[in-house]
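All values below were derived from every heavy atom in this structure, side-chain atoms included, with hydrogens, water molecules and symmetry-related copies excluded. Please read all numbers here as calculations on a predicted model, not as lab measurements.
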Amino acid sequence: MSEAPATWTESFIVYRHDGDHHGNAKPGALLRYGQQIATTHAEAVGLNDELYAATHTAYVLAKLALHVVRTPHVDEKLTLVTQPERCKRAVNKRITRYYDAAGQEVAVLDSRWVLIDTDKRLILRKHPEQFNDQWAEDVPFELPMRMTKADPGDCRPVGEFTATYSRCDMNGHMNNTRYADVLCDALPWEVWDKGEVRDLMIYYHWEIPQGGRCALYTARTGESTYYFYGEREGKSAFEASLTFGE
């Protein structure tokens with residue numbers, strides 16, 4: 001396994017299918033860019049599908065926070081710079097910064113990953129020897145990860161969704177970036193005409209397999225903040241919050 005660069009840089013174009021009716025990059029699209037650069041970086045140092053299959057392991061996203069300084073627009077070129085931190089208390093932190101053509105930071109993503117044993121479905125606190133911690137000893141930055149939650153009794157149902165073909169990935173379950181799409185779909189058009197997403201947080205509790213159905217509930221937890229939780233088979237599948245600003 002080769003030594004990992006301290007950071008990894010990759011450029012993306014905000015394609016038109018990544019934009020909404022205002023031409024703004026959708027939150028889910030920004031997460032997909034972040035997911036792709038993390039994958040590319042890991043593969044560059046040998047953390048690939050072959051290794052995961054041989055060790056019966058997989059990286060799973062436990063939670064994330066996205067802060068948007070300025071919403072990127074369609075046709076913009078974004079340069080992403082990502083830096084992962086060594087495993088601490090079973091968690092790998094990865095900070096990914098998004099820059100525009102002028103070099104201004106427009107967004108930052110803080111994602112927390114855990115390595116699991118795919119046979120036992122358990123989080124591995126000690127990684128297999130092939131997973132030498134070659135990332136940075138410390139990445140001295142993090143986004144707030146504490147979510148303001150609503151009492152379940154104050155949440156209203158906003159329907160069900162299914163882990164359909166277009167929402168699932170090669171792991172056979174709903175891709176973690178597609179949760180953001182579901183949240184955005186649950187909000188009325190008027191919300192999108194009054195503001196833009198400034199902060200997004202998602203806690204992933206229980207994966208939704210392909211074809212799985214999940215009930216979605218929401219409540220206002222602030223003047224411009226919406227709390228969501230998804231329930232599958234009587235258990236919490238995920239929680240999330242979206243905060244809007246001008």
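- Remark: the Y33 side chain and the D18 side chain contain an N/O donor-acceptor pair separated by less than 3.5 Å.
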Query raised in the report: Could you walk me through whether L31 and R178 pass the side chain to side chain contact (heavy atoms under 4.5 Å, CB included) check?
Result: CA-CA 9 Å; L31 295 186; R178 297 296 176 180; over 6 Å; no
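- H205 places a side-chain heavy atom less than 4.5 Å from the side chain of Y203.
- In summary, the side chains of T82 and R94 do present a donor paired with an acceptor at a separation below 3.5 Å, with no hydrogens or angles considered.
- Cluster membership for V197 and L80, using ILVMFWY side-chain heavy atoms within less than 4.5 angstrom, is shared.
- Considering only heavy atoms from C-beta on, R232 comes within 4.5 Å of I208 through its side chain.
- Between F244 and Y226, the angle of the ring planes goes over 60°, which puts this pair in the perpendicular group of the 30/60° scheme.
- Side chains of S224 and R198: no donor on one and acceptor on the other come within 3.5 Å.
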**Report entry** Steps toward side chain to side chain contact (heavy atoms under 4.5 Å, CB included) verdict (K26, R32)
**Finding:** CA-CA 10 Å; K26 298 170 185 172; R32 284 185 273 282; 5.5 Å; no
Requested in this report: Output, in order, the C-alpha distance, side-chain angles, deciding distance and verdict of side chain to side chain contact (heavy atoms under 4.5 Å, CB included) for V182 and M174.
Outcome: CA-CA 11 Å; V182 167; M174 187 155 142; 3.7 Å; yes
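- Every residue meeting the salt bridge (charged side-chain N to carboxylate O under 4.0 Å, His left out) condition with K93, not counting sequence neighbours, appears here in chain and number order: E85.
- Here the two rings, on W206 and F238, have centers that are 6.0 Å apart or farther.
- Of the N and O atoms on the side chains of E105 and Y98, not one donor lies less than 3.5 Å from an acceptor on the other residue.
- Salt-bridge annotation for R112 and E142: present, with a side-chain N of the basic residue lying under 4.0 Å from a carboxylate O of the acidic one.
- In summary, the side chains of Q35 and T177 do not present any donor paired with an acceptor at a separation below 3.5 Å, with no hydrogens or angles considered.
- A donor and an acceptor atom, one from each side chain of E43 and T39, are nowhere located under 3.5 Å apart.
- Judged purely by distance below 3.5 Å, without hydrogens or angles, the side chains of D193 and H21 pair a donor atom with an acceptor atom.
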